[in-house]
Amino acid sequence: MTKATETKIDLKKLDEIIIKNKGKQGEILNILEEAQKTIEHQFLPEAALNHIAVQTGVPLSKIYNIITFYSFFNLKPQGDHTITVCRGTACHTRGSKALLDDIGMLMGGSKELEDGEPSFTTPDNKFTIRTVACFGQCALAPVVAIDEVIHSHMTVTKLQKLVAIVAKGGKN
Ligand code: FES
């Protein structure tokens, strides 16, 4: 299990990213995006953000504003696989709440999700469960994405089967 505080940051790599983007349009956004991709479990630990702030001269408060504005930035470690359950109206009326409840219970994160947390990552960092407002595929409701793959007309049974396949290293 990797906790945020245990994550090792490759400062050399981080400096390369900072130098590469220096003076370019969208400098800080690019640095943060590239940094997140290179850090284990795809997130931006505090130490990395402090280093970026010092090296770029961009105040830490501004960096946090950017990170919290864009949903693709993560402040917590992400799972190897991401299950995204659509919570839009069409999906809700076709049972997405039951899918979220079931997957939350299966992964042990139902409390976090019920409390309104936008995502939950299993302690072993294998899965992250998150929600989305709408995939734009309402006719296929309820919709769930596993990693980059969109699945339509999802059921609890189908979702459990897909999760079991992915957990064993298979393709969904
Ligand atoms: S409401 Fe789920 S895809 Fe639009």
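For the numbers below, each heavy atom of this structure counts, side chains included, while hydrogens, waters and symmetry mates do not. The residues of the chain are indexed from 1 along the displayed sequence.
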For a 4.5 angstrom cut-off between non-hydrogen side-chain atoms, does [X] reach [Y]?
X      : Y      : result
His151 : Val149 : yes
Lys97  : Val85  : no
Asn74  : Lys76  : no
Ile103 : Phe120 : no
Phe127 : Val163 : yes

Examine [X] and [Y] and state if one hydrophobic cluster contains both, with Ile, Leu, Val, Met, Phe, Trp and Tyr joined whenever side-chain heavy atoms are less than 4.5 Å apart.
X      : Y      : answer
Ile129 : Met105 : no
Val166 : Val156 : yes
Ile17  : Val54  : no
Val58  : Ile9   : yes

For residues [X] and [Y], report the shortest heavy-atom separation together with the two atoms involved.
X      : Y      : answer
Arg130 : Gln78  : NH2-OE1, 2.7 Å
Gly79  : Thr128 : N-OG1, 2.5 Å
Ala35  : Leu44  : CB-CD2, 4.0 Å
Ile39  : Pro45  : CD1-CD, 3.7 Å
Asn125 : Pro77  : OD1-CB, 3.9 Å
Thr122 : Asp124 : OG1-OD1, 2.6 Å

Gap separating the [atom1] atom of [X] from the [atom2] atom of [Y], nearest 0.5 angstrom:
X      : Y     : atom1 : atom2 : result
Leu99  : Arg94 : CG    : CZ    : 13.0 Å
Lys22  : Ile19 : NZ    : CD1   : 8.5 Å
Leu100 : Cys91 : CG    : SG    : 11.5 Å
Asp147 : Thr84 : CG    : OG1   : 8.5 Å
Leu14  : Leu11 : CG    : CG    : 6.5 Å

Indicate every side-chain donor-acceptor pair of residues 132-146 with a distance under 3.5 Å to a residue at least two apart or in another chain.
none

Any chance [atom1] of [X] has more than 12 other-residue heavy atoms, nucleotides or ligands included, within less than 6.0 Å?
X      : atom1 : value
His92  : NE2   : no
Lys158 : NZ    : yes
Glu46  : CD    : no

Any chance the side chains of Arg87 and Ser96 put a donor and an acceptor closer than 3.5 Å? yes
Just by distance, no angles: are the side chains of Asp102 and Gln160 close enough, under 3.5 Å, to form a donor-acceptor pair?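 Asp102 vs Gln160: donor-acceptor pair found between side chains.
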Start with the C-alpha distance between Met154 and Leu162, add both sets of side-chain angles, then the distance that settles side-chain contact (heavy atoms from CB on, under 4.5 Å), and finish with yes or no. CA-CA 10 Å; Met154 185 56 77; Leu162 287 168; 3.6 Å; yes
Residue pairs fulfilling side-chain hydrogen bond (donor to acceptor under 3.5 Å, both in side chains) with at least one residue in residues 47-60, sequence neighbours excluded: Asp15-His51
side-chain contact (heavy atoms from CB on, under 4.5 Å), that's the test. Do Glu16 and Lys20 meet it? Break it down for me. CA-CA 6 Å; Glu16 281 170 18; Lys20 195 179 92 182; over 6 Å; no
Quick one, Ile83 with Met107, criterion side-chain contact (heavy atoms from CB on, under 4.5 Å). Give me CA distance, side-chain angles, the key distance, then yes/no. CA-CA 11 Å; Ile83 300 169; Met107 301 286 175; 4.1 Å; yes
Do side-chain atoms of Gln36 reach the backbone of Leu32 as a donor and acceptor pair under 3.5 angstrom?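 Looks like no, no N/O pair under 3.5 Å.
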Which is it for Leu49 and Leu75 under the side-chain contact (heavy atoms from CB on, under 4.5 Å) test, yes or no, and what are the steps along the way? CA-CA 10 Å; Leu49 297 178; Leu75 286 167; 3.9 Å; yes
Between Tyr70 and Phe72, how do the two ring planes meet: parallel, tilted or perpendicular, split at 30° and 60°?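 Tilted.
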Is Glu40 salt-bridged to Lys8, cutoff N-O under 4.0 Å?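 Result for this pair is no, no salt bridge flagged.
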